[in-house]
*Asks:* 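One structure coming up, written as structure tokens, with questions to follow.
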Amino acid sequence: MHDSPSRPHDMSPDEFRRHGYAAIDRIADYLAHPEGWPVLPRVQPGDLRRQLPGSAPEQGEAMEALLRDYDELILPHTTHWNHPGFMAYFSITGSGPGILGELLAAGLNINAMLWRTGPAATELEETTLDWLRQLMGLPAGLDGTINDTASSSTLYALAAARELQADLKIREAGLAGRPDVPRLRVYCSEEAHSSVDKAVLTLGLGLTGIRHIPTDDEHALDVLALEAALAEDRAAGIRPLAVVATVGTTSTTSVDPVAAIADICTREGIWLHVDASYAGAVALLPEMRSVLDGCDRADSLVVNPHKWLLTPVDCSVLYTRRPDLLKRAFSLVPEYLTTSDPDDVRNLMDYGVSLGRRFRALKLWFVLRWYGAEGLREVLRHHLRLARFFADQVADDPQFELLAPVRFSVVLFRFRPAAIASEEELERLNAEVLKRLNASGQVFLSHTKVRGRYALRLAIGNARTDRHHVEDAWRLAREAAQSVT
């Protein structure tokens, strides 16, 4: 039981220090030996539930028991995103400085809804995001806020896009039951992330409120097709609301022609949002800064430091040239949250749905300061080299093929024995290769489809991933391929 008298209380400082050391030791040991666990736990749905009590304990339990259950129940049932062999989705890193920043933020327990309730959290967010803006080569005048995910950031951007068309009076009158409001539509490529569709659904525009534009040979949005779609919709009485361009799509990491799309949006008088949640980070490299060409003209842009900048989830940064419209979309101040602070004081609650605001900037600040710009650049360059190395192995093996250009740190490939031409059979074979590859416990890859072709997807983004992990992934892929034929 607890070390102090049996009354309502928190841990004493001495208790916290003792158990805190024990927790830090666990984290340090875990980060030192992440490969001690299989990347994917060898469990079935419901395994953990069956080992847990059906109700909360009536009496408090000792922290030693909680930490023991963490060791014996939680870790074995965890998919280990911090494992260097985690190469699925967009591989991420909870780095040491970021984890410590998160720990200290939890200790402060700030709700930075107002400047007054979180002066440090508010002003550190402003400063840290301006640092990141400069590192990415984005222009001055962009205003940044931190959200939980790119899904939220894109939703907020499209909500602001509605306010750009002031005659619609969406804030005042909404959309329901208004025959004076035309059908509204958002445009993105067929490669865009599903969060765009979800944002459109959430904003009440329905699935008919989004139009997916075909892509070119490089899997990038076809500008001529976009222009034709806009003209067609206007002729049909549909009002274009916004275009979402992507820098680093999820499936193929393609880059839409943002500058050309910006020309169209300027001419049409509609909002341009750029989803650079993955690949935007690579603009820290001077030699890769061109990936953001045209983004200086976007109305909003999202980049996720929790994807490729070593920051623990969640940390999604939304930049906008029109913070006034973002604030107009969401600001609502009840009497009990009014203050006597000057009008130019920033209250983070005004820039999204959430009233509560976590101190997310602290972990990003720790990461930027601990690594420094050059340290982060070296991590990014290392990942690019590893992806190129893996792609070269695929290209040199006659039984495998690349299914998309390797632009960043994601490689799309498949097993393609010469004797098999059927796409249906190739999909079956590669799905089995993926299953056996992931069953090894050493690596975890995901899949996608490229022009209807089933692709194995290797994504490198973890700070602990090194060349021998990538070599292991290639060896396991070949072994799995041999075992299915």
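Bear in mind the structure is a predicted one, so any value in this text is a computation, not a measurement.
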*Asks:* Do Arg133 side-chain atoms and Pro139 backbone N/O form a donor-acceptor pair below 3.5 Å?
*Replies:*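 Checking the backbone N and O of Pro139 against the side chain of Arg133, a donor-acceptor pair under 3.5 Å is found.
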*Asks:* Test: side-chain hydrogen bond (donor to acceptor under 3.5 Å, both in side chains). Region: residues 33-44. Which pairs qualify, not counting sequence neighbours?
*Replies:*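 Of all non-adjacent pairs touching residues 33-44, those that pass side-chain hydrogen bond (donor to acceptor under 3.5 Å, both in side chains) are Glu35-His469.
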*Asks:* Quick one, Leu386 with Ser409, criterion side chain to side chain contact (heavy atoms under 4.5 Å, CB included). Give me CA distance, side-chain angles, the key distance, then yes/no.
*Replies:* CA-CA 8 Å; Leu386 292 179; Ser409 65; over 6 Å; no
*Asks:* Please determine if Asp299 and Arg321 form a salt bridge, counting it only when a charged side-chain N lies under 4.0 Å from a carboxylate O.
*Replies:*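 Looking at Asp299 and Arg321, the cut-off is met.
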*Asks:* Assess the residue pair Lys327 and Asp324 against the criterion (salt bridge (Lys or Arg N to Asp or Glu O under 4.0 Å)); give the C-alpha distance rounded to whole Å, side-chain angles, the decisive distance to 0.1 Å, and a yes or no.
*Replies:* CA-CA 5 Å; Lys327 184 175 181 179; Asp324 57 321; over 6 Å; no
*Asks:* Tell me every residue that passes ring-ring contact (aromatic ring centres under 6.0 Å, His included) with Phe359, counting only those two or more places apart in sequence or in another chain.
*Replies:*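 Phe359: no ring-ring contact (aromatic ring centres under 6.0 Å, His included) contacts found.
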*Asks:* What is the minimum heavy-atom distance between Val302 and His273, and which atoms define it?
*Replies:*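 In this case the closest contact between Val302 and His273 is CG1-NE2, 3.8 Å.
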*Asks:* Looking at Tyr70, is Arg26 sitting on its ring face, NZ or CZ under 6.0 Å from the six-membered ring centre and within 45 degrees of the normal?
*Replies:*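 Checked: cation-pi criterion not met.
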*Asks:* Mind checking what makes ring-ring contact (aromatic ring centres under 6.0 Å, His included) contact with Trp474, not counting sequence neighbours?
*Replies:*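 Partners of Trp474 by the ring-ring contact (aromatic ring centres under 6.0 Å, His included) criterion, ordered by chain and then number, come out as Phe390, Phe400.
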*Asks:* Output yes when Arg68 and Glu61 qualify as a salt bridge under the 4.0 Å nitrogen-oxygen rule, no when they do not.
*Replies:*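 Salt bridge: no.
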*Asks:* Search all heavy atoms of Val247 against all heavy atoms of Cys295 and return the closest pair with its distance.
*Replies:*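 Where Val247 meets Cys295 most closely, the heavy atoms are CG2-SG, 4.2 Å.
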*Asks:* Whether the side chain of Arg357 engages the backbone of Met349 through a donor-acceptor N/O pair (distance < 3.5 Å, no angle test) should be reported.
*Replies:*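 No, because the side chain of Arg357 does not come within donor-acceptor range (under 3.5 Å) of the backbone of Met349.
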*Asks:* Set out, in order, the CA-CA distance, both residues' side-chain angles and the distance that settles side chain to side chain donor-acceptor pair (under 3.5 Å) for His306 and Thr311, then state yes or no.
*Replies:* CA-CA 5 Å; His306 70 229; Thr311 305; over 6 Å; no
*Asks:* Looking at residues at least two apart in the chain, or sitting in another chain, which of them share a side chain to side chain donor-acceptor pair (under 3.5 Å) with Arg385?
*Replies:*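 Partners of Arg385 under the side chain to side chain donor-acceptor pair (under 3.5 Å) test: Glu378.
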*Asks:* Check whether any side-chain heavy atom of Trp81 sits under 4.5 Å from a side-chain heavy atom of Thr79, and report yes or no.
*Replies:*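 Yes; the side chains approach each other to less than 4.5 Å.
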*Asks:* Between Thr249 and Thr246, does the side chain to side chain donor-acceptor pair (under 3.5 Å) criterion hold? Intermediate values first, please.
*Replies:* CA-CA 6 Å; Thr249 58; Thr246 308; over 6 Å; no
*Asks:* Say whether, by atom type as modelled, one donor and one acceptor occur between the side chain of Arg328 and the main chain of Glu163 under 3.5 angstrom.
*Replies:*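 No; zero donor-acceptor contacts below 3.5 Å.
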*Asks:* For the backbone of Leu476 and the side chain of Glu479, can you confirm whether one donor and one acceptor N or O come within less than 3.5 Å of each other?
*Replies:*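 No, Glu479 side chain to Leu476 backbone: no donor-acceptor pair under 3.5 Å.
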*Asks:* Scan side-chain atoms only and decide if Ser483 and Arg436 contain a donor-acceptor pair under the 3.5 Å cut-off.
*Replies:*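 Checked: Ser483/Arg436 side chains pair up, N/O donor to acceptor below 3.5 Å.
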*Asks:* Glu125 and Trp365: side-chain donor and acceptor closer than 3.5 Å?
*Replies:*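 No donor-acceptor contact under 3.5 Å links the two side chains.
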*Asks:* Determine whether Tyr89 and Lys307 make a side-chain contact, defined as any pair of heavy atoms from C-beta on separated by less than 4.5 Å.
*Replies:*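 No. Closest side-chain heavy atoms not under 4.5 Å.
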*Asks:* What pairs with Ser316 under side chain to side chain donor-acceptor pair (under 3.5 Å), at least two apart in sequence or on another chain?
*Replies:*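 Per chain and number, Ser316 pairs via side chain to side chain donor-acceptor pair (under 3.5 Å) with Ser153, Asn304.
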*Asks:* Any side-chain hydrogen bond (donor to acceptor under 3.5 Å, both in side chains) pairs touching residues 283-295, not counting sequence neighbours?
*Replies:*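 Counting only pairs at least two positions apart or across chains, the side-chain hydrogen bond (donor to acceptor under 3.5 Å, both in side chains) contacts touching residues 283-295 are Glu287-Arg381.
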*Asks:* Scan residues 141-162 for pairs that pass ring-ring contact (aromatic ring centres under 6.0 Å, His included), counting only residues two or more places apart or in two chains.
*Replies:*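 As it turns out, the ring-ring contact (aromatic ring centres under 6.0 Å, His included) pairs with a partner in residues 141-162, which skip direct neighbours, are Tyr156-Phe330.
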*Asks:* Judged by atom type as modelled, is there a donor-acceptor pair below 3.5 Å linking the side chain of Lys363 to the main-chain atoms of Pro312?
*Replies:*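 At least one qualifying donor-acceptor pair exists.
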*Asks:* Can we say Glu15 and Arg18 salt-bridge, meaning some charged N sits less than 4.0 Å from an Asp/Glu carboxylate O?
*Replies:*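 Between Arg18 and Glu15 there is no salt bridge, as every charged N stays at least 4.0 Å from the carboxylate O atoms.
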*Asks:* Whether the side chain of Thr338 engages the backbone of Glu335 through a donor-acceptor N/O pair (distance < 3.5 Å, no angle test) should be reported.
*Replies:*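 Side chain of Thr338 to backbone of Glu335: a pair is present.
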*Asks:* Could you list the residues that satisfy ring-ring contact (aromatic ring centres under 6.0 Å, His included) with Tyr371, not counting sequence neighbours?
*Replies:*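 ring-ring contact (aromatic ring centres under 6.0 Å, His included) list for Tyr371, sorted by chain: empty.
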*Asks:* Any Lys/Arg nitrogen of Asp392 or Arg388 sitting under 4.0 Å from an Asp/Glu carboxylate oxygen of the other?
*Replies:*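 Counted as a salt bridge, because a side-chain N and a carboxylate O are separated by less than 4.0 Å.
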*Asks:* Return yes if some donor-acceptor pair links the side-chain N/O of Thr465 with the main-chain N/O of Pro84 below 3.5 Å, else return no.
*Replies:*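 The answer is yes, because a donor-acceptor pair under 3.5 Å joins these two groups.
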*Asks:* Is the closest side-chain donor-acceptor distance between His193 and Ser195 under 3.5 Å?
*Replies:*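 Checked: His193/Ser195 side chains pair up, N/O donor to acceptor below 3.5 Å.
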*Asks:* So Phe408 and Tyr278, would you call those rings parallel, tilted or perpendicular, with 30° and 60° as cut-offs?
*Replies:*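 Correct class here is perpendicular.
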*Asks:* Mind checking whether Tyr454 and His447 have parallel, tilted or perpendicular rings, split at 30° and 60°?
*Replies:*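 It falls in the parallel class, under 30°.
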*Asks:* Under 3.5 Å, side chain of Asp466 to main-chain N/O of His468, donor-acceptor pair present?
*Replies:*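 Looks like no, no N/O pair under 3.5 Å.
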*Asks:* Hydrogens and angles aside, do Asn147 and Ser152 bring a side-chain donor and acceptor to less than 3.5 Å of each other?
*Replies:*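 On atom types as modelled, these side chains do not qualify, holding no pair under 3.5 Å.
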*Asks:* Check side chain to side chain contact (heavy atoms under 4.5 Å, CB included) between Arg346 and all other residues, then give those that pass, not counting sequence neighbours.
*Replies:*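 By the side chain to side chain contact (heavy atoms under 4.5 Å, CB included) rule, Arg346 matches Thr122, Glu126, Asp143, Thr145, Leu348, Tyr351.
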*Asks:* Donor-acceptor pair, distance only, cut-off 3.5 Å: does the side chain of Arg162 make one with the backbone of Leu203?
*Replies:*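 Present.
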*Asks:* So, does Arg360 use its side chain to make a donor-acceptor pair with the main chain of Val313 at under 3.5 Å?
*Replies:*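 Not at all, since once roles are kept as given, no pair shorter than 3.5 Å links the two residues.
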*Asks:* Run the side chain to side chain donor-acceptor pair (under 3.5 Å) test on Ser277 and Asp275 for me, step by step, so that the C-alpha distance in whole Å, both residues' side-chain angles and the decisive distance to 0.1 Å come before the verdict.
*Replies:* CA-CA 5 Å; Ser277 55; Asp275 178 0; 2.8 Å; yes
*Asks:* Answer yes or no: is there an ion pair linking Arg475 with Asp472, defined by an N-O contact shorter than 4.0 Å?
*Replies:*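 Judged by the 4.0 Å cut-off on N to carboxylate O distance, Arg475 and Asp472 do form a salt bridge.
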*Asks:* What do the steps show when you test Asp47 against Gln51 for side chain to side chain donor-acceptor pair (under 3.5 Å), and what is the final call?
*Replies:* CA-CA 7 Å; Asp47 281 358; Gln51 297 181 60; over 6 Å; no
*Asks:* Side chain to side chain donor-acceptor pair (under 3.5 Å) with Asn82: which residues, sequence neighbours excluded?
*Replies:*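 So Asn82 forms no side chain to side chain donor-acceptor pair (under 3.5 Å) with any residue.
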*Asks:* To the nearest 0.5 Å, what is the distance between CD1 (Ile460) and CG (Leu384)?
*Replies:*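 CG of Leu384 is found 9.0 Å from CD1 of Ile460.
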*Asks:* Do Arg17 and Ser12 have side chains that get closer than 4.5 Å, going by heavy atoms?
*Replies:*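 When only atoms from C-beta onward are counted, Ser12 and Arg17 do not touch, as no gap falls below 4.5 Å.
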*Asks:* Can you see which heavy atom on Arg116 is nearest to which on Ser340, and at what distance?
*Replies:*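 For Arg116 and Ser340, the tightest heavy-atom pair comes out as NH2-OG, 3.4 Å.
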*Asks:* Hey, are Asp341 and Thr339 close enough side-chain-wise for a donor-acceptor pair under 3.5 Å?
*Replies:*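 There is such a pair between these side chains.
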*Asks:* Kindly say whether the aromatic ring centers of Tyr30 and His80 come within a distance under 6.0 Å.
*Replies:*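 Centroid distance Tyr30-His80: below 6.0 Å, so yes.
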*Asks:* Heavy-atom distance under 4.5 Å between the side chains of Leu380 and Met288, does that happen here?
*Replies:*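 No. Closest side-chain heavy atoms not under 4.5 Å.
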*Asks:* Please report the shortest heavy-atom distance between Pro76 and Val43, naming the atom on each side.
*Replies:*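 Smallest heavy-atom distance, with atoms named: O-CG1, 3.9 Å.
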*Asks:* Who pairs with Thr448 by side chain to side chain donor-acceptor pair (under 3.5 Å), at least two apart in sequence or on another chain?
*Replies:*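 Partners of Thr448 under the side chain to side chain donor-acceptor pair (under 3.5 Å) test: Ser251.
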*Asks:* Quick one: do Val410 and Leu458 satisfy side chain to side chain contact (heavy atoms under 4.5 Å, CB included)? Show the steps, please.
*Replies:* CA-CA 6 Å; Val410 173; Leu458 176 138; over 6 Å; no
*Asks:* Applying side chain to side chain contact (heavy atoms under 4.5 Å, CB included), name anything that partners Lys198, two or more places apart in sequence or on another chain.
*Replies:*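 With neighbours one apart ignored, the set is empty.
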